[in-house]
Amino acid sequence: MKFIVSSSYLLKQLQVLGGVINNSNTLPILDNFLFELDNNQLTVSASDLETTMRGILEVESTSQGSIAVPAKLLIETLKTFAEQPLTFVVEDNNTIEISSNYGKYALAYVDGAEFPKPVSLPDPSTTTVLGDILATAISKTIFAAGNDDLRPVMSGVFFQFSPEHLTFVATDAHKLVKYQRSDVSAPQVAEFIMPKKPLTLLKGILGGSESEVVIEYNDSNAKFSFENIELVCRLIDGKYPNYEAVIPKENPNKLTISRQQFLSSVRRVSIFSNKTTHQIRLKVAGAELNISAEDIDYSNKAEERLSCDYQGDDMQIGFNSRFLTEMLNILTSDDVTLEMSLPNRAGILTPTDGLDEGEHVTMLVMPVMLNN
């Protein structure tokens with residue numbers, strides 16, 4: 001087995017695939033890349049058993065074979081090379097030799113047959129989405145997913161597909177984000193919960209991508225295929241909570257304000273808030289928003305006044321500043337609207353501009369009780 005490949009091209013592809021590999025694996029074989037050579041096509045796979053990613057690379061070769069190569073060692077070696085062709089040759093003594101312009105390097109390899117086989121999806125449902133749309137949907141929602149091992153269904157992003165639209169939802173019970181696209185649809189109704197790790201990988205690869213992503217899914221697995229990459233992952237098992245029930249429908253109090261101004265103010269004021277609750281107080285009256293925070297233990301307090309557009313009754317409501325900051329950071333609009341009904345009901349944050357045709361974002365943040 002022998003092939004020649006460009007060092008920077010190989011490194012770029014391996015770094016993408018290497019994101020799947022865990023720092024500590026229960027099975028030693030998972031510390032390796034699987035190289036499957038078929039003439040001038042090299043398929044490289046990486047897996048952590050839950051998620052498997054494979055990429056197809058163009059190489060110069062006339063041979064076939066399958067070996068597993070130590071991932072960390074190979075990536076570290078490739079990082080040190082300037083752009084040049086590298087020749088990989090499998091030797092008889094269970095090593096693979098890399099020849100560069102400077103010298104030769106030998107790595108021990110493992111038989112490729114030991115590498116776990118990827119899951120196959122018999123007759124899956126299929127939907128096609130533009131790469132950049134999928135990356136945007138992930139980045140707008142993934143930050144709101146929970147980290148609670150006792151409630152695994154809330155530690156992922158809920159995909160809801162229908163012939164009308166695609167909806168992506170994430171929540172950790174304190175904040176919730178619903179991202180919807182009515183300009184993209186699926187042939188039939190389907191819903192599944194995607195774990196965070198494969199989504200983070202997809203977000204990194206697909207940002208700004210103009211290529212089509214084919215999503216295939218059944219009850220237990222999902223597969224994302226685009227360009228020369230294929231990612232298969234196991235879905236989170238369980239029923240997603242009824243998120244529509246927690247979104248308040250009647251919100252008579254409506255505050256519209258510059259997003260950047262609001263974000264800067266919340267950031268500054270929150271420095272003076274209690275370090276465990278991160279509580280800030282919003283007080284709205286007329287066209288003025290008063291943002292304040294106090295840490296009684298240290299006698300720290302801050303208060304700022306902003307002008308805003310407000311329709312509704314005068315009210316006071318408390319929020320965890322970290323959640324507000326995260327949400328305002330993720331949004332890209334110039335202005336945002338905060339809709340509220342009562343101080344103990346969730347506030348709804350939506351961008352007022354800057355959205356594509358058919359794009360809808362709803363962010364919900366639970367209030368914290370104010371101690372007057």
Side-chain angles (χ1 to χ4, degrees), residues 50-51 121 123-148 151-203 206-207 212-226 231-249 326-327 330-331 339 346 348-351 355-366:
E50 297 282 319
T51 304
L121 279 75
D123 52 76
S125 309
T126 306
T127 301
T128 305
V129 185
L130 194 70
D132 193 44
I133 289 182
L134 183 60
T136 306
I138 296 168
S139 59
K140 288 267 197 289
T141 50
I142 196 167
F143 77 97
N147 293 315
D148 187 355
R151 301 162 87 179
V153 291
M154 285 163 84
S155 69
V157 175
F158 185 48
F159 281 40
Q160 227 178 357
F161 290 174
S162 77
E164 287 80 50
H165 42 63
L166 305 188
T167 308
F168 305 83
V169 182
T171 181
D172 62 359
H174 300 288
K175 54 186 184 290
L176 179 146
V177 180
K178 174 183 170 188
Y179 181 84
Q180 198 168 57
R181 298 292 303 216
S182 53
D183 54 344
V184 196
S185 63
Q188 68 271 57
V189 175
E191 39 191 59
F192 53 89
I193 309 169
M194 278 287 295
K196 268 189 200 165
K197 182 175 172 180
L199 289 179
T200 307
L201 293 167
L202 288 169
K203 181 178 86 167
L206 292 171
E212 297 267 300
V213 180
V214 178
I215 309 174
E216 297 169 63
Y217 43 92
N218 59 18
D219 292 343
S220 49
N221 296 284
K223 177 168 151 188
F224 297 78
S225 315
F226 49 95
L231 181 145
V232 182
C233 70
R234 190 175 299 162
L235 300 172
I236 296 175
D237 194 24
K239 188 160 172 42
Y240 205 72
N242 178 6
Y243 65 88
E244 287 289 358
V246 296
I247 303 177
K249 301 287 179 278
E326 273 183 313
M327 292 179 166
I330 291 284
L331 293 172
E339 295 177 62
I348 295 179
L349 193 67
T350 47
L355 292 177
D356 291 350
E357 189 72 40
E359 185 180 24
H360 309 278
V361 187
T362 305
M363 298 191 170
L364 180 133
V365 57
M366 296 307 284

| field | Audit row: Thr126, Glu216, side chain to side chain donor-acceptor pair (under 3.5 Å) steps and yes/no | value | CA-CA 4 Å; Thr126 306; Glu216 297 169 63; 4.8 Å; no
| task | Count the heavy atoms belonging to other residues, nucleotides or ligands that lie under 6.0 Å from CD of Glu357, then report whether that count exceeds 12. | result |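 Not buried by this count: 12 neighbours or fewer within 6.0 Å.
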| More than 12 heavy atoms from other groups under 6.0 Å of CG on Asp219 |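 Result for CG/Asp219: open.
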Where [X] and [Y] come nearest, the two heavy atoms and their spacing:
X	Y	value
Ala346	Pro248	O-CG, 3.7 Å
Val157	Ala170	CG2-CB, 4.2 Å
Lys175	Thr171	O-OG1, 2.8 Å
Ala186	Thr127	CB-OG1, 3.4 Å
Phe226	Leu202	CE2-CD2, 3.7 Å
Ser185	His165	CB-N, 4.3 Å

Value rounded to 0.5 Å, distance of [atom1] in [X] from [atom2] in [Y]:
X	Y	atom1	atom2	result
Leu199	Ile138	CG	CD1	4.5 Å
Gln180	Gln160	CD	CD	8.5 Å
Leu134	Leu206	CG	CG	6.0 Å

| said: Can a side-chain donor-acceptor contact be found between Tyr179 and Thr136 if the only test is distance below 3.5 angstrom? | reply: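 The criterion, which ignores hydrogens and geometry beyond distance, is not satisfied for Tyr179 and Thr136.
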| query | Using the benzene-type ring in the case of Trp, are the ring centres of Phe159 and Phe168 under 6.0 Å apart? | reply |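 Between Phe159 and Phe168, the centre distance is under 6.0 Å.
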| What residue among Leu176, Ile330, Val177 forms side chain to side chain contact (heavy atoms under 4.5 Å, CB included) with Thr141? |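 Result for side chain to side chain contact (heavy atoms under 4.5 Å, CB included) with Thr141: Val177.
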